[in-house]
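Read through the structure below, which is laid out as C-alpha cells, and then see the notes.
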Amino acid sequence: MEKITAIKGIKDILPGDAPLWNHIETVARQTFVLFGYKEIRLPIMEKTELFKRSIGETTDIVEKEMYTFQDRDDDFITLRPEATAGVIRAYIEHNMHAYETTTKLFTIGPMFRRERPQKGRFRQFHQINVETFGEDKAQCDAEVIFMLVHFLQATRIYDFSLEINSLGCKKCRPAFSQNVIKHLKGAETRLCPNCQRRIKTNPLRVFDCKTDSCRAIINDAPEVLQFLCVECERHFSEVKSSLNDLSIQYKINPRMVRGLDYYIRTAFEVTSGALGAQNAIAGGGRYDGLVSFLGGPEVAGIGFAIGMERLIACLPDKAEITFPADLFIAALGDQAQKKAFVFANQLRRAGIAVEMTYTEKSLKAQMKMADRMKSAFTLIIGEEEIKNNIAQLRNMHTKKQDALPLDKLTEMLIDIIKKKGSD
RNA sequence: GUGGGUGUAGCUCAAUUGGUCAGAGUGCCGGGUUGUGGCCCCGGAGGUUGAGGGUUCAAGUCCCUUCACUCACCCCA
C-alpha cells in the first residue's frame, strides 16, 4: 500500500516535542494572568466574510493565502489565517464590552495560510494571541509590549530585538502615503521590478525591500513619524516614555510597516537573528476602529501575536523534557503476570507512574525495558516470589534489592516511591 | 506562484572517473548470564538506492520527467 503522508507545510508535534509546547503554553497562561488577561478558546473556522472585512480584501492573506471552502449550505467558510478577527467577533457577539470597560483576552491555537513553506513558515502554524479592548491610552500600549517582553524572557529567550513605530491614524496616514508614492515615483526606474510593482499594490512595503538600490531610495524617503498628527505624535511619545519608565529596550524603526491593514498608531515587532529569513517571533499593534468596523461598539483595541514555532526555534537549550517511570514491574509466569497487572493499575491510581509489558519476556529483556524507561525502581515478581508471597524491589541506581510482602505491597511501594520523590 | 539545493536501512550518513558498492554507525530483536539493566563481545532482522523512463555490455552514480523534502523570493507569526 502506498503510504499517506501529512499535508505539505503541516507538521506533527511529536511526543518528544509536545512537553516543550505545553511548557510554553503554561508559561504564557501564568504570565498573562498576572496582567489580568483571561483565556478565550475560539473556533478555527469562521465565515469568510469576517476575514475579508478585517484583514482587508487586497491583502495577500485574503487574496491568495486563505483556506476557503463552500459549506454544504452555500456559506463560505475559512480556516482562520490569524486570530484577531475571531477574537473581535466573539467580543462583539457576546457583548463583552458591557461587562467591563477594558477586556483583556488571550488565545492559543493553530492558524492556516496557504503559503510556500520555508524555515519558520508553515501552512498550519501556532500563535499565542493577546488582545486588549476598550483602552486607547499609551500606557496600555507600553504595558502590552512589556508583557510580551516579559513573557519571552520567562521562556528564557533573551536574544531578540524589539522595534516600534507609529503608523499614524486615519487622519495623518493618507498624507504620508501620498508623499511616499510621490517620492517613489520620482525614482521609479531605479527601483527593483518588485518594488515598481509595489508602488501600485502596497507602497509602504518598499520600506522592507532588501536590495541596495531600493534601500538608497528609501533612505531619503519621507518617514511616517514626520507626518503624525498632534494626537498621534503625543500618543507615540507617551508610549516611548512609558517604555522607558518600564526599562524596556527598544529601537524606533520608522520604516517598519505591518502586514495587516487594520493597524493604527503603535506597531511593534520582535525579531531574532536565530531564525533565518522569517525572523519575526512576534508582532502586533493598535487597531482602534476595527471593532466598530466589524459591527461592534466604538472601542479601542491593541494586540499582538507570537509565532510558537518560531519562538521554539529561538529557544537556546531545548533539552528534551522526559517523564521517567517511577516503577517498572517485571513479571515472570502467568500467575505473576496477573498480579503485576493488578498492582500496576492500583499504583497508577495512587499517582505512581508504572510501566510493564503484557507480552511474556525474559527477565533480562524486562530489566532492559526498565532501564530504557529510566525507571527509578523495578519490582520483580516471579514464581518463587509468588510462592513466598513476596516481591523483589530493586533500586535501579543503587542496585539494592529488598523483598517486600505481597499483602502490604501497594502501601509500601507508595510510601517508598513518594518518599524518594520528595527527597 | 517563481528559483536554488537535496532525496541510499527506523535515524545520521558512506560508496574513487559509470565496473562485486548496496555498506558503516546508531537504534531495534536475540544470545553470551536456564531469573537481573547500563559497559563489553557475538549474531539477526531491516533498502525494488523517492518514483517512472532513457543512454550503456554495465546506472546509487549520466540524461529526461515526476514527486517529496528543504532554503530563498513573495509575504508574514
Side-chain angles (χ1 to χ4, degrees), chain A residues 2-9 11 16 55 59-65 80-84 108-130 148 152 192-195 197-198 201-202 205 208-211 256-260 263 268-272 275-285 303-314 328 330-333 336 359-386 391-401:
Chain A
E2 201 184 334
K3 65 178 173 188
I4 300 173
T5 60
I7 301 166
K8 184 200 287 287
K11 301 288 187 194
I55 299 170
T59 56
D60 276 27
I61 293 178
V62 171
E63 275 182 347
K64 50 191 198 210
E65 294 174 1
R80 63 179 182 193
E82 59 101 43
T84 304
I108 302 173
M111 309 294 154
F112 305 84
R113 289 183 205 172
R114 203 183 182 295
E115 300 177 89
R116 197 76 174 266
Q118 73 184 75
K119 190 178 176 71
R121 194 174 74 183
F122 311 94
R123 290 185 174 181
Q124 175 176 332
F125 58 101
H126 298 78
Q127 285 188 343
I128 299 171
N129 275 87
V130 168
L148 169 58
L152 292 173
C192 69
N194 256 329
C195 287
R197 183 176 48 78
R198 282 195 266 228
T201 58
N202 199 345
R205 276 267 149 236
D208 277 349
C209 190
K210 284 146 198 145
T211 59
M256 180 177 76
V257 288
R258 309 240 59 250
L260 290 74
Y263 287 116
F268 53 95
E269 203 166 86
V270 173
T271 56
S272 162
L275 286 176
Q278 309 300 320
N279 63 352
I281 309 175
F304 63 80
I306 302 162
M308 290 188 73
E309 283 83 356
R310 291 182 187 179
L311 177 122
I312 284 169
C314 288
F328 186 94
L332 295 161
T359 48
E360 214 176 308
K361 280 181 195 275
S362 68
L363 182 59
K364 178 179 176 166
Q366 297 191 66
M367 293 296 291
K368 261 190 166 166
M369 287 181 77
D371 190 56
R372 269 203 314 271
M373 291 171 186
K374 303 252 184 332
S375 177
F377 293 94
T378 299
L379 187 74
I380 300 161
I381 311 175
E383 274 150 24
E384 273 179 44
E385 282 79 8
I386 295 275
Q392 308 282 349
L393 182 67
R394 182 182 177 85
N395 182 316
M396 296 298 275
H397 301 298
T398 64
K399 297 183 174 183
K400 258 188 71 189
Q401 208 162 294

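Naming: A, B, ... by sequence-line order, numbering from 1 per chain. The structure displayed is predicted, hence computed values, not measured ones.
In this model, no side-chain donor or acceptor of A:Glu65 finds a partner on the base of B:rG1 within 3.5 Å. A donor-acceptor contact under 3.5 Å is formed by the side chain of A:Lys364 with the base of B:rG32. Side-chain atoms of A:Lys374 stay outside donor-acceptor range of the base of B:rG37, with no qualifying N/O pair under 3.5 Å. In the interface, the side chain of A:Gln392 is not paired with the base of B:rU36 through any donor and acceptor atom under 3.5 Å apart. A:Arg116 contributes no side-chain N or O that forms a donor-acceptor pair with the base of B:rC74 under 3.5 Å.
Of the candidate nucleotides B:rG37, B:rA77, B:rC73, B:rG37 has the atom lying nearest to any side-chain atom of A:Arg394. Which of B:rG35, B:rC69, B:rC73 sits closest to the side chain of A:Leu363 comes down to B:rG35.
Regarding contacts with the backbone of B:rG35, every side-chain N or O of A:Lys368 stays at 4.0 angstrom or more from both OP1 and OP2. Close to B:rA72, at under 4.0 Å from its OP1 or OP2, lies no side-chain N or O of A:Lys119. Dashed line: the shortest gap from a side-chain N or O of A:Gln118 to OP1 or OP2 of B:rA72 is under 4.0 Å.
Separating the NZ atom of A:Lys361 from the P atom of B:rG35 is a distance of 16 Å, rounded to the nearest angstrom.
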* Asked: If pairs are Watson-Crick or G-U with both distances under 3.5 Å, what is the dot-bracket string of RNA chain B, marking crossing pairs with [ ] and pairs to another strand with |?
  -> (((((((..((((.....[...)))).(((((.......))))).....(((((..]....))))))))))))....
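As judged by a 4.0 angstrom heavy-atom cut-off over every strand, A:Arg372 is placed among residues touching the sugar-phosphate backbone only. When heavy atoms are screened at a 4.0 angstrom cut-off, A:Ile61 is found touching no nucleic acid atom at all. Contact annotation for A:Ala370: no contact, since no heavy-atom pair falls under 4.0 Å across all strands.
In this structure, A:Arg114 and A:Arg310 both approach RNA chain B, and ranking their closest nucleotides by distance from the 5' end singles out A:Arg114.
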